[in-house]
Structures are given as C-alpha cells and as structure tokens.
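Okay, structure first, notes after.
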There are 2 protein chains.
Amino acid sequence: MNDSPRRKELTRQAAQLFVQEGFDRTTVRMLAQEMGIKSGSLFHHFRDKQEILAAVIEEGTENALSIARAALEECDSDPEARLHAMARAHLATLLTDRNAHVVALYEWRRLDGQARAHLSHLRDAYEALWETVIDEALAAGVIQGDRFLVSRFVMGALNWTVRWYDPEGERSPEDLARELIAMLMSPRA
Amino acid sequence: MNDSPRRKELTRQAAQLFVQEGFDRTTVRMLAQEMGIKSGSLFHHFRDKQEILAAVIEEGTENALSIARAALEECDSDPEARLHAMARAHLATLLTDRNAHVVALYEWRRLDGQARAHLSHLRDAYEALWETVIDEALAAGVIQGDRFLVSRFVMGALNWTVRWYDPEGERSPEDLARELIAMLMSPRA
DNA sequence: GTCTATAAAGAGATAGAC
DNA sequence: GTCTATCTCTTTATAGAC
C-alpha cells in the first residue's frame, strides 16, 4: 500500500499482538484497539488482515537481515567470531526486539500464496547469509558436518528459544549465543 | 470423558487435521467430516473443541514418552548410543508418525489453563528423560556445556525439523539423528 | 450414536458521514 | 484519517427427533 511512518508504527503494534496471541486469534478489533483507533479505520491503512501479516513479516525479515549484515561487518574474518555474531544478532531480534522476527518465523504458514511468493526471496536471503557463515566455519574446520543440516539445526536451536527463554531469568541472549556456538565447536587441530 | 477405541481413533484423525491446518483454523465441521460424521455428533464424544486438543496432546506426549523409554531399554549404557536413541525416537514420532506429537509441541499454547495444568506433568516427564540422557553424556564427557541449555538447544534443533524436513527427500529421520549427535560430540579424550 | 436444525456470538470487511 | 453502523459469513455449541 505505502511506506509511511504511520503505517510502520501500526505494523509494529500489530507485531506485538501477533506474538502474544498468534495471528489467527488476533482480531481486527484487537488490532484497532492496540492502535488507538476503531476497527473500521484499520482498513484505511491495510487492505485486509492478510496485508497486515505480510507487512509484519516483511519488516521482521528485513530487520533481521540488516542487523545480521551489520553484525558481520563489525567482525574480522575469523569464522568463529562470525558464527558468534550471527547467533547474537539472531537472538537479539528474536528475544530482545521480541516482535516482527518472531512473527516471520512462527506465522509464515499463515501467509497466502501471493505474499509468500513476494517475501520468500527475503527469507531466502537471510538463510543464505547463515549458510555462507556456516560454510566459512566448515571450510576452516572449526565445525563439522553437512552444510544444509548444520544450518538448519543451528537455526532450529535458536528459533526454539522463543518457546522457553525467560527474559527475567539469569541468562542473557548473549549467554545463549556463546553457549550454542561453544557446543558446536570442534577441537582446535 | 472416556478412553474408548472409538475416541482414540477420532483423536488420531483430529491430530492429522491439527497438524495440517493448525488448531485455530481447524473447524469442528472439518473435524466431523474427517471422522465421517456431522458436526453435531462430534459433541457426543468430546465436550468441546478444547477437549479434542487436550486429547490429542495427551496422546502425543504419552506416545513420545513410551517410544523414548522403549528405545532406551534397547540400549546398553553407552551415553552416545543413548543420546542417539533419544534423537531417533524423537524424530520418529515427529516426522514418521507426523501427528499427535507435533500438535503437542506446536499447539501447546492453545490449551486452556486447566488442561495445561493437567498435562504439564507428562511434558515434564518427557523433558526430564531427555535431561537424564544429556546428563549422562555430560558426565561421560562425550558432550560439553550447560545441562539446561544443551537439552533445550538439542530439542529445539529436533523440533524445528518439522518446519523444513521433506519426507520425499533423500535424508531419513535416522540420518538427521545421526548428524545431529555427530555435530554435538566432543573429541574422545 | 447420529441426525437436522438452529441458536448465539464473533469474525472480517464495507459504506457513507464527518 | 477516523467514526458509527451494519452486512454477511462463519464459528462453536445445543436441542430434540430418530
């Protein structure tokens, strides 16, 4: 529809509700209330509920991608440091930011075919970034295994943290990232 | 309500739909059609839709628990073999059986408070089994790290396979289990 | 145990005034 | 850009006949 700051803000608020309640259980009336408007007004900003979901997922994936890229640029080329940076960036968008990226991962199936086609290149770009960093680590021998499987196992371990991580607990997202990478590392040759 | 074979069969069919569509998007009419009855008749077997979900999740967790226990009994006490057995059992119930256990993991949040209270001991028992096996592996030094984090990372990597595993592809669930455990193993001292 | 019929509530979305 | 009002459809669940 457009890209106004207003729409961005509404998208951000929608993301919060989608995480809390799930997309299916979030009604347009709940969304409107969160945004401080009436439900009828919502459709001035978005064509339908699907479009809100697509906006949230686009925002969440773009954000994750740009944060990951920025984190990699601050690294030198040490494969372990780059793995670590990716894991920290991923957990930051999932557990600290705690919104749009979670929706992108957990509500992807609720996108209709058209939105999915439009957004899959973004998701693919993010996953490709992970695979690149994992390839570097495999090539350097700091981890071992199959590139495809390792990347999916690592992303799975990270994505599932959403289900059990307690922000009030003692461990920080950074602790989690460090422990996960440590768990994967092969011994120094 | 009861434990008839009929109810078990209906529960099995409900599980399939819940995996395909998600709990929220599965209507009682879809459930009834899958079961070959009319929607009104459904409420003779289950008090409400919530009770169907609770039945599916109970069935899925009990099944996962008994399969994991059986797999462990076939092992000797080698910690690596036991880890491997747990991973294989877990993936078998998720990817081969492909039903109730998936619902238990992915629709837990949709349970109401009462059902959650009633079923959490089952889920805890299953997670405790995992933690025991991981403890043994930590004690033997075949893996390293924090017991709590390792078990959650491993379960996360396994649970997320549901999202990307292709049953028509070249890799079997057994392949996945083997690769995951290999990825975790520390070098022999 | 299953059916038909329907009640009651809630959903997404639209129209037109302001 | 937001409001009120409302349409239309779908949802879960119930009642009572068979």
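Order of the sequence lines fixes the chain letters, A, B, ..., with proteins taken first and strands second; residue numbering starts at 1 for each chain.
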Check Arg152(A) with Glu127(A), please: is the shortest side-chain N to carboxylate O separation under 4.0 Å? yes
How does protein contact run along nucleotides 11-18 of chain C, one letter per nucleotide 5' to 3', with B for base contact, S for sugar-phosphate only, - for none, heavy atoms under 4.0 Å? BBBB----
Below 3.5 Å, can you tabulate the donor-acceptor pairs from side chains in residues 84-91 of chain A to any protein atom, sequence neighbours excluded?
unit_1   : atom_1 : unit_2    : atom_2 : d
His90(A) : ND1    : Tyr126(A) : OH     : 2.5
His90(A) : NE2    : Asn159(A) : OD1    : 2.7

So that I know where these two stand, are Phe153(A) and Trp160(A) an aromatic pair - ring centroids less than 6.0 Å apart? no
Please report the distance, rounded to the nearest Å, between CE in Met35(B) and C1' in dG1(C). 14 Å
Between dC3(D) atom P and Ile37(A) atom CD1, what is the distance in whole Å? 7 Å
In whole angstrom, what separates Glu51(B)'s CD from dT14(D)'s C1'? 16 Å
Exercise: do Ser172(B) and Asp175(B) side chains pair donor with acceptor under 3.5 Å: yes
Distance below 4.0 Å between His45(A) side-chain N/O and dT2(D) OP1 or OP2: yes
Value in whole Å for how far the P atom of dT2(D) lies from NE2 of His44(A): 7 Å
Any salt bridge between Glu51(B) and Arg7(B), counting N to O under 4.0 Å? yes
Rounded interatomic separation in angstrom, taking CG from Leu10(A) and P from dG1(D): 10 Å
Please identify each residue that fulfils ring-ring contact (aromatic ring centres under 6.0 Å, His included) with Phe148(A), with sequence neighbours left out. Trp164(B)
Whole angstroms only, please: what is the CZ-P distance between Phe46(A) and dT2(D)? 11 Å
